[in-house]
S.K.: 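Handing you this structure, nothing more for now.
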Amino acid sequence: MQEVKLSSTIKVFDNFDELDGDDSSLMSLAIEVRDTAYAPYSTFKVGAAILLENGEIITGTNQENAAYPSGLCAERVAIFYAGAQYPGVAIKKIAITAAASDGSSTEPVSSCGACRQSIAEYEQKQKTPIEMLFMGETGKVIKTASLLDLLPLAFGADYLK
Ligand code: THU
């Protein structure tokens, strides 16, 4: 038996103002669209913005449904749109921000497992890492160089061969 320690590197920024360049503009867009989320049931609004390698930017927000499981997270709304509209164009980074209606989201809100799995699919398909940036409504921002930093030992197409 071997014990193996898995580790991930994350960058932690004190706040949004510490971001620069593409990171800052992408998170700004995620913040801008967050308010337009359709989240009447949870009132938890999430905004996502994706930068593609061709410079295009895609945004998405969570879309809820009275039949609760039919709703979709902001990340998947955005990444599936990117996959549908720009097939074959690599995704460089995703910025995500989430706000609870009572203003209590002051810690970085990381993507749910289903979103991580969905993003992992695109990372494996394009064979280049997707940078992840996420924050709450305010406060610290976490950045990783790859989705796999958030989903070690990810399931993927290789297992199906
Ligand atoms: N949500 C997202 O949009 N992204 C996540 O990664 C986690 C959760 C949404 C789904 C639902 O509309 C609301 O937040 C509460 O779970």
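Order of listing sets the numbers, starting from 1, for every ligand and every atom in it. All values derive from a computational prediction rather than experimental measurement.
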S.K.: Using a 4.0 Å heavy-atom threshold (strictly under), name the region of Gln63 that reaches ligand 1: side chain, backbone, both or neither.
M.R.: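 Gln63 to ligand 1: no contact under 4.0 Å from either part.
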S.K.: Give the residue and atom name of whichever protein heavy atom lies nearest to atom 8 (C) of ligand 1, and the separation in Å to one decimal.
M.R.: Cys73 SG, 3.8 Å
S.K.: When hydrophobic residues are tied together by side-chain contacts of less than 4.5 Å, even through go-betweens, does Val141 share a cluster with Ile96?
M.R.: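 No; tracing contacts between hydrophobic side chains, which count when under 4.5 Å, never links both residues.
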S.K.: Any protein heavy atom under 4.0 Å from atom 16 (O) of ligand 1?
M.R.: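 No, no protein heavy atom sits under 4.0 Å from atom 16 (O) of ligand 1.
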S.K.: Under 4.0 Å from ligand 1, counting heavy atoms only, is it the side chain of Ser42, its backbone, both or neither?
M.R.: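 Near ligand 1, Ser42 shows its side chain, while the N, CA, C and O stay back.
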S.K.: So, for Cys73 and Cys115, which heavy atoms are closest and what is the spacing to 0.1 Å?
M.R.: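 Reported closest heavy-atom pair: CB-SG, 3.3 Å.
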S.K.: Hey, are Glu131 and Lys143 close enough for a salt bridge, meaning a charged N less than 4.0 Å from a carboxylate O?
M.R.: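 A salt bridge links Glu131 with Lys143.
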S.K.: Answer yes or no: is there a donor N or O on one side and an acceptor on the other, between the side chain of Lys45 and the main chain of Asp35, under 3.5 Å?
M.R.: yes
S.K.: Starting from atom 14 (O) of ligand 1, what is the nearest protein heavy atom, named by residue and atom, and what distance separates them?
M.R.: Phe44 CD2, 3.3 Å
S.K.: Do ligand 1 and Ser110 have nitrogen or oxygen atoms that lie under 3.5 Å from each other?
M.R.: no
S.K.: Relative to the heavy atoms of Asn62, which atoms of ligand 1 are at a distance of less than 4.0 Å?
M.R.: 3 (O), 9 (C), 11 (C), 12 (O), 13 (C), 14 (O)
S.K.: For a quick check under 3.5 Å, do Thr61 and Gln63 share a side-chain donor-acceptor pair by atom type?
M.R.: yes
S.K.: So is Cys112 polar-close to ligand 1, meaning N/O to N/O under 3.5 Å?
M.R.: yes
S.K.: Can you find an N or O of Ser111 that's nearer than 3.5 Å to an N or O of ligand 1?
M.R.: no
S.K.: Write down the atom of Ala99, the atom of Arg34, and the distance for their closest heavy-atom approach.
M.R.: CB-NE, 3.6 Å
S.K.: Look at the rings of Tyr41 and Tyr38 and say which category their plane angle falls in: under 30° parallel, 30 to 60° tilted, over 60° perpendicular.
M.R.: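 Answer is perpendicular, since the angle exceeds 60°.
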S.K.: I need the nearest protein heavy-atom contact for atom 4 (N) of ligand 1: residue, atom name and distance, please.
M.R.: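 The protein heavy atom lying closest is Glu75 OE1, 2.8 Å.
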S.K.: Could you tell me whether some N/O pair between Ala74 and ligand 1 is separated by less than 3.5 angstrom?
M.R.: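 Yes, Ala74 has an N/O under 3.5 Å of an N/O on ligand 1.
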S.K.: Is there a donor-acceptor contact under 3.5 Å linking the side chains of Glu123 and Ser146?
M.R.: yes
S.K.: Which of the numbered atoms in ligand 1 are under 4.0 angstrom from any heavy atom belonging to Glu64?
M.R.: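 Answer, ordered by atom number: 11 (C), 12 (O), 13 (C).
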